[in-house]
Amino acid sequence: MEDLHARLARRRAQHLYRERQVLQSPQGVEVRIDGHEFIAFCSNDYLGLANDPRVVAAFKAGADRYGAGAGASHLITGHSGAHHRLEQALAAFVGAPRALLFSTGYMANLAVVATLLDRHGTVFEDKLNHASLIDAARLSQARVRRYRHGDTQRLAELVAGAGGGGLIVTDGVFSMDGDMAPLPTLIELARRAGARLLVDDAHGLGVTGANGRGTFEQTAVSLGPPAILMGTLGKAFGTFGAFVAASEDVIETLVQEARPYIYTTALPPAVAEATRESLRIAQQEPWRRQHLQRLVRRFREGAGTLGLRLLDSATPIQPVILGSAEQALHASGRLRQQGILVTAIRPPTVPENSARLRITFSAAHTEAQVDRLLDALAGLGTTA
Ligand SMILES: *Cc1c(COP(=O)(O)O)cnc(C)c1O
């Protein structure tokens, strides 16, 4: 007990203490916290669908038809028609023979890596990969080789040194930097080495590519062996859950063997119904992606004029690098006083000395709201 107390105190002293804020409104670009209204630039609700009335209506209709919960795992009696239809719609959307639903993206990543590799295998990871991909490698007990962010030359050496095979894993759009993995190079490398490639496109799917098919579409790489796609449903699609899309053999192996698939309750069927509706909207309303692109361009131009330190990102994830955890917290606090919510992201989520404001845009933002954010950021520069 003593020990934990000291640990928490140390965390506080290092400006690494995290606090949850209790939302009193639905997720959206305007949220209510502690009785105050904020314009929020920190959700992953990129298409503004989390509280779309049509998605909510599909959720309610799904609950009326299937009840509140699945009541069992997929392999017992938890796999409903709602899940089945969503899997088919997702497979068609991304252009894969099959898709398999998971309760979360975290579990989907654990499932793929730990099922395809054992302790004799090797997993190659970009250093900025999402925490769930790092944990997935640990769970698999495979050898882990990490390479500097985007350094495909180093990756080629590591793959060659491992003597072929293995699994290359990468974020499609990197969650904290917003840049995109070099998929054409990665897929070529995987092919030559006889390795597989797992792309976690949590932040690309629905958002990038003319039709929202994500990083594969944006980089003109077709989804097929040796590539496996993991997509999440709690971000651009605004609901909850995740899926893996791949060849028939990969998917069926996951059904038969993946522990994070087998030993857990299927997600509520109503969530699957809501997601099928948001998938339909994401496809039929390309203006959402086009508007997002305009907001991102407007922000980058404005931020460039202010001399802010941006990263090379063309996605709705636009970090402003500040340096220390303390600076990031301070800036976030100052924005908050002006009614603007932007999260300070600190180590260990990002490397030391790269603490930042992680600004994210949604199709529900207006240009005027982006301008308000820029004004507030300008104020920081002169008085921070
Ligand atoms: C959010 C996220 C996940 C986890 O997905 P959940 O469905 O929220 O568990 C996995 N990978 C990346 C890159 C993410 O950003």
Side-chain angles (χ1 to χ4, degrees), residues 18 20 27 42-47 49-50 83 86-87 90 94 99-114 123 125-140 146 149-150 167-181 183 186 197-208 214-216 218 227-246 254 258-261 264-268 271-272 274-275 278-279 311 313 315-319 343 345 348-351 356 358-362:
R18 289 152 193 241
R20 301 177 303 170
Q27 186 59 263
C42 34
S43 86
N44 302 312
D45 181 21
Y46 300 117
L47 298 179
L49 294 177
H83 298 119
L86 177 58
E87 287 182 342
L90 287 167
V94 300
L100 186 69
L101 280 178
F102 283 82
S103 294
T104 70
Y106 196 114
M107 293 169 72
N109 280 338
L110 296 186
V112 174
V113 180
V123 52
E125 300 239 16
D126 186 295
K127 280 205 169 151
L128 294 190
N129 275 352
H130 190 259
S132 58
L133 290 171
I134 307 296
D135 294 357
R138 284 193 195 140
L139 182 66
S140 75
R146 299 178 78 184
H149 180 49
L167 178 66
I168 301 170
V169 306
T170 184
D171 282 21
V173 170
F174 285 86
S175 57
M176 294 299 139
D177 284 31
D179 59 333
M180 225 170 268
L183 282 201
L186 294 181
L197 172 68
L198 168 62
V199 179
D200 171 344
D201 213 15
H203 298 277
L205 214 69
V207 177
T208 60
T215 308
F216 281 91
Q218 184 72 34
I228 299 168
L229 167 68
M230 196 292 291
T232 61
L233 306 172
K235 287 168 182 157
F237 296 116
T239 59
F240 185 74
F243 69 97
V244 174
L254 292 173
R259 296 166 68 89
Y261 181 74
T264 196
T265 303
L267 58 80
V271 171
T275 307
S278 58
L279 179 60
L311 294 179
S313 160
T315 69
I317 302 172
Q318 293 292 328
T343 328
I345 304 278
T349 308
V350 293
R356 62 195 66 185
R358 178 178 181 268
I359 294 166
T360 54
F361 295 103
S362 159

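Read the numbers this way: they start at 1 and go in the same order the structure lists the ligands and their atoms. Computed over heavy atoms, backbone and side chain alike; hydrogens, waters and symmetry mates excluded. Predicted, not measured: the structure shown is a model, and the values here were computed from it.
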Q | Within-4.5 Å side-chain heavy-atom neighbours: Thr232 and Asn44 | A |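 No, their side chains stay 4.5 Å or more apart.
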**Q.** Validation row: Pro351, Leu128 side chains within 4.5 angstrom (heavy atoms)
**A.**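 Yes. Closest side-chain heavy atoms under 4.5 Å.
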Q) For ligand 1, which atoms, with element, lie under 4.0 Å from some heavy atom of Ser132? A)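 Those qualifying, in numeric order: 10 (C), 11 (N).
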(Q) As an exercise, identify every atom of ligand 1 less than 4.0 angstrom from a heavy atom of Thr232. (A)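 Here the atoms of ligand 1 in question are 5 (O), 7 (O).
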Return the [atom1] to [atom2] distance between [X] and [Y], rounded to the nearest 0.5 Å.
X	Y	atom1	atom2	answer
Phe102	Leu267	CZ	CG	11.0 Å
Phe243	Leu205	CZ	CG	4.5 Å
Asp171	Ser132	CG	OG	7.5 Å

Q. Is there at least one pair of N or O atoms, one from His203 and one from ligand 1, spaced under 3.5 Å apart?
A.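 N/O-N/O distance under 3.5 Å: yes.
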Q. Under 3.5 Å, N or O to N or O, is Asp171 touching ligand 1 that way?
A.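 No, there is no polar N/O contact under 3.5 Å.
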Among all protein heavy atoms, pick out the one at the shortest distance from [atom]; state its residue, atom name and that distance to 0.1 Å.
atom	result
atom 2 (C) of ligand 1	Lys235 NZ, 2.3 Å
atom 4 (C) of ligand 1	Tyr106 N, 3.6 Å
atom 7 (O) of ligand 1	Gly105 N, 2.7 Å
atom 11 (N) of ligand 1	Asp200 OD2, 2.5 Å

Q. At under 4.0 Å between heavy atoms, which part of Thr104 makes contact with ligand 1: side chain, backbone, both or neither?
A.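 Both backbone and side chain of Thr104 come within 4.0 Å of ligand 1.
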Q: Give the contacting part of Ala242 toward ligand 1: side chain, backbone, both or neither, where contact means a heavy-atom distance below 4.0 Å.
A: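 Under 4.0 Å from ligand 1, Ala242 contributes no heavy atoms.
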**Q.** Gly234 touching ligand 1 at heavy-atom level, < 4.0 angstrom
**A.**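 For ligand 1, residue contact (heavy atoms, under 4.0 Å) with Gly234 is absent.
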Q. Any donor and acceptor pair, going by atom type alone, linking the side chain of Arg356 with main-chain N or O of Met176 inside 3.5 Å?
A.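 Checking the backbone N and O of Met176 against the side chain of Arg356, a donor-acceptor pair under 3.5 Å is found.
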Q: Any pair with a residue in residues 230-244 that passes salt bridge (Lys or Arg N to Asp or Glu O under 4.0 Å), sequence neighbours left out, goes on the list, sorted by first then second residue, please.
A: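 Every candidate salt bridge (Lys or Arg N to Asp or Glu O under 4.0 Å) pair involving residues 230-244 fails, so no pair, neighbours aside, qualifies.
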Q | Single hit among Asn129, Asp135, Asp200 for side-chain hydrogen bond (donor to acceptor under 3.5 Å, both in side chains) with Asn109 | A |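 So the option named by the test is Asp200.
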